Every structure is written in structure tokens, then in C-alpha cells.
Amino acid sequence: MRKSIKQFFTSKEIEHAFKIFIIAVIVVSVFSLIAVNFINPVYVVAVDLLVLIILLLFKFPVFGLYLMIFIYPYVNWQFIWGDFNLPYVDLVAILLFLAVIIRLLFDLAENKKVQKLTLKKIFPGLMFAGLFILASALSLFNSQYFGAGLKYLFRPIVFFYLMFIVLPHYIIINKRIFKKALQVLLLVGIIVGTLGFLSVVVKQGPSWMAYRAVPFAFGDFNPLGGNHNAIAEVMVVCIPIAFVLFLQAKKIKKKGWFILAAFFMTIILLLTFSRSGWLALLVQLLILFFVKYRHKVDKYAIVAIILILILAPTLFYFTSGHQIDWVKTSDANRVLMTKIALYNFSEHPIIGNGLNSFQLLVGGTFVYSVEFGDPLESHGFVQKLLTESGLLGLITFLMLLGYIFYKYIGAYKNAASEHFQLIILCLIMMLSGIVIFELFSTSYYLATMWLPIGIGLAGVKLYGKSNV
């Protein structure tokens, strides 16, 4: 255990942190003994825990980052206090953000080299994120529920940028931290894949579709929540990460383990029968193929491969998949939601109908209520943005994504070696896969999408010569 901890922190850091922690416990205990005479002991204990956690994250912000990564897909696992609830990954992100701000203030007070940090270094893509936030704010002028829309502006929109892009980009300052972050991310992929595998093993049914990989629940506890797509979107991220670690490994045995991990997660992804997951994997493989072998294949072979890869799943869908009841229901649901989105977009095409209005608009559509019951969130960020923040919202969101793609690709072109290029190529595959996936899913403002992107952005900063 001690050896594993030292892989992440030096002995000097551990010793120093232990001394600070002991002093903090003594100080907090003294104040708590006084406070319990005036305040409910439950609140006193809660404040004590928060203070100690923030202090720990103040000393070891990377520990907070690793913890965020470890729990990032479990959005159904939430901290609940009365009417207040939020996913634990969001709670850890908030505490880490506070700790980082306090650390910055201390560094400024001690005249450390904080002056070298610029807005560009701390806030990647600030201009594009700012434009998207501004476009989202403008949509509030058309909102029927201004208060709810304003809350939605700060969480999740401002929240996802600060917590899942800025934090990892700021904390991951060297390749050692980046590699450890990827190792934690791969561990998450294996755990989530195992949950999907367990659901396949314990199921029985008359058809092969009954054995699809879905989130496995331990009694009433289901940390992943959702459906098969909750498994698939993690696999889409973690399969390329396994290849990054394969490229970083020096020993043959370790390389073999990473290949086995990638193979296992690919099998689980296929077993989800997630069409968006399959499409994302297909795009990732096409990127790898064309970048790696573009000079060895003539244009006719490339066209033939593309046609086969497009026609094969299309043929399967219309001959078998389209006849499955849940597929037909899902398709009908998506088509109707898209029609509702386009109709409401036509009502307010420039700034949209207001943040967090999509489900309200769908729920107010009589046909949808009759056919499908309770309204669902938009399955895809295009329909979501067109409805809620109009063309301005969609364009600025695509500009933010475009900036991120530009930095990934720029780093690939300017990398110092072919080895570094391959690492960045895998990160580009990861980025492309999750963006394609969110064209058909609902995690476009959550850690599930943005935390891997933020980690990758820090990685291309380290492995590419271009300044992020």
C-alpha cells in the first residue's frame, strides 16, 4: 500500500502533508468543541470534514483529480442532503476547485512564480467558452422560467468548463501526472466493462438481444444508472486510452496487458448493442486507419473500405435491427423529438427558447405525451442547442469544440517525434469518439463527456510543441 502511494507522491510530500494534517485536526477539534455548544453537531461534523478534505486537496490537488476520474461515470451515485443532491464527481470537483483557488492565493502571497500564469494558460479556449456562455445567457430573454434557466447557466454550463476542462488542464503539469491520470481512467473503463459483463452473465432470455451489456445493479444501488449507453460511452473513451498506455509502456508484459484491456472493452462495447457506440468506434478505427496507412492505400481501396463499413451496419439495421421492438420505439422517439426541436427552433431561431426548456417543450407536446409518456432529455446536443439557445448557441458550442480539435490536431502536427504523434493520435480518437457519441446521447454537459476531453487537452499540451 505504502509503495503504491509513493508512485503518486514523494516521501517528502507525504511527510509534510501528514504534519499539516495533524495540526489541522487539532485546530479543527478545538473549534468544534466550542461550536457544538451553539450549533447542531451534525453541521459541525460536516464542516469539519469539508475543511479537512479541502486541506488535503490543497496539499495534493492531483489526488482530487485522480478521485474525480475514478468516479466520473457514476452520475447516478449522488450526495443527497434534504432537497439538495448532486453527483459525487461534481462534489469532489467543487471542493478541488476551492482548494486550487486557495492554493493560488497562498502562492501569490508568498510571491511564488504565479505571475507567469496567464489567462490563456489557466483557461484554455476562454474566448470560445465565453462566447458559448454568452449565447446561452442571451437565450434567457425568451425563457418562461428565468430563475431555473439562470441556475442552468451556471450549472451545468459554466460548471463543466471550469471543473472538467480548466481543472485538469491546470493540475496536469507533467507527463507523470498525465500517465497516472490515464491509468486511473483505464481502471475505470475496466470496472465499468466488468459491470457490463456481469449483466450479460446473469441474464437469461430467449433471444440474443437479451444478453446485451447494461449497467449492473447491486440490489438498489446502481451507480452508473441509465441504460446500455452508459456503458458504451465509457468504453468509447477508454479503448483509445488503453492504446496510449500501450505506447507509453516499456515492458512487453505490460504492453500485452493493455492490449488485453482494449480487447475486453471492445467486446463489452459491442455487447451493449449501442448504435452510437458502434458508430463512435467505427469513426475511431477509420481515423487510425487513414492516418496510419493513408500512404499505403490507393484512393479506390479507401472508397471501397468506406462503402463496406457504411453499408454493412446499414444492411444489418434494415434486415434485422430495425425489426426489434425497442429499436423501432427508440427510432420513433428520436424522430418525434427532432421534429419538436425543429418546430420550436423555428419559433426562436437566433437565441432559442431558453436554457433547460427542452423537456418542458417536449412534455407540452400532446402527441409525445400520448405516444411515450414522460418527456426525456434531448438525445443529441444539436437538437438540444437549437431548441434552447438557437443558432448562436449551436455555433458557439461548435466553435468551442472546433478550438479543442484544433489544439489536438495542431499538437499532432508539431509533435517532436513519431512516438509522440501516435500518443496524440489516440487522444484524437478518444475526442472524436466521445463527440460522435454525444450527437446521439444526453451527457453533453456532464463529466462523462468533458473530463476525458480536459485530460486529453492537458496531454496534447505535454506531448505537442504547440502552446495550448
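From a predicted model like this one, the values you see are computed outputs, not experimental measurements.
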- Query: So Phe397 and Phe381, would you call those rings parallel, tilted or perpendicular, with 30° and 60° as cut-offs?
  - Reply: tilted

- Query: What are the two closest heavy atoms between Ile455 and Phe178, and how far apart are they?
  - Reply: O-CE1, 3.4 Å

- Item | Closest non-hydrogen atom pair, Leu96 against Leu65 | CD2-N, 3.7 Å

- Message: For the aromatic rings, using the six-membered ring if either is Trp, is the centroid distance between Phe159 and Phe164 under 6.0 Å?
- Response: yes

- Under the side chain to side chain donor-acceptor pair (under 3.5 Å) test, which residues partner Arg155, sequence neighbours left out? Asp90

- Message: Quick check on Phe216: does its CZ atom have over 12 non-hydrogen neighbours (other residues, nucleotides or ligands) under 6.0 Å away?
- Response: yes

- Message: Is it the case that atom CZ in Phe197 sees more than 12 heavy atoms from other parts of the structure closer than 6.0 Å?
- Response: no

- Closest non-hydrogen atom pair between Lys461 and His169, with its separation: NZ-O, 2.8 Å

- Does a sphere of radius 6.0 Å around NZ in Lys413 hold more than 12 heavy atoms from other residues, nucleotides or ligands, not counting ones at 6.0 Å or beyond? no

- Message: Parallel, tilted or perpendicular, judged at 30° and 60°: which one describes the rings of Tyr88 and Trp77?
- Response: tilted

- Scanning both residues in full, the closest heavy-atom pair of Ala415 with Gln421 reads CB-CG, 3.6 Å

- Query: Can you name the closest pair of heavy atoms from Ile231 and Ala213 and give their distance?
  - Reply: CG1-O, 4.4 Å

- Relative to Tyr444, does Lys384 satisfy both conditions: NZ or CZ under 6.0 angstrom from the six-membered ring centre, and within 45 degrees of the ring's axis? no

- Query: Can you list the steps and then say if Phe132 with Tyr161 is a ring pair (Phe, Tyr, Trp, His ring centres under 6.0 Å)?
  - Reply: CA-CA 10 Å; Phe132 173 59; Tyr161 173 71; 9.9 Å; no

- Message: Would you say Glu233 and Ser443 are linked by a side-chain donor-acceptor pair, where the criterion is simply a distance under 3.5 Å?
- Response: yes

- Looking only at heavy atoms, the pair that brings Leu186 and Cys238 closest together is CD1-O, 4.1 Å

- Message: Taking CZ in Phe79 as the centre, count heavy atoms belonging to other residues, nucleotides or ligands within less than 6.0 Å. Is the count above 12?
- Response: yes

- Parallel, tilted or perpendicular: ring planes of Tyr445 versus Phe160, cut at 30 and 60 degrees: parallel

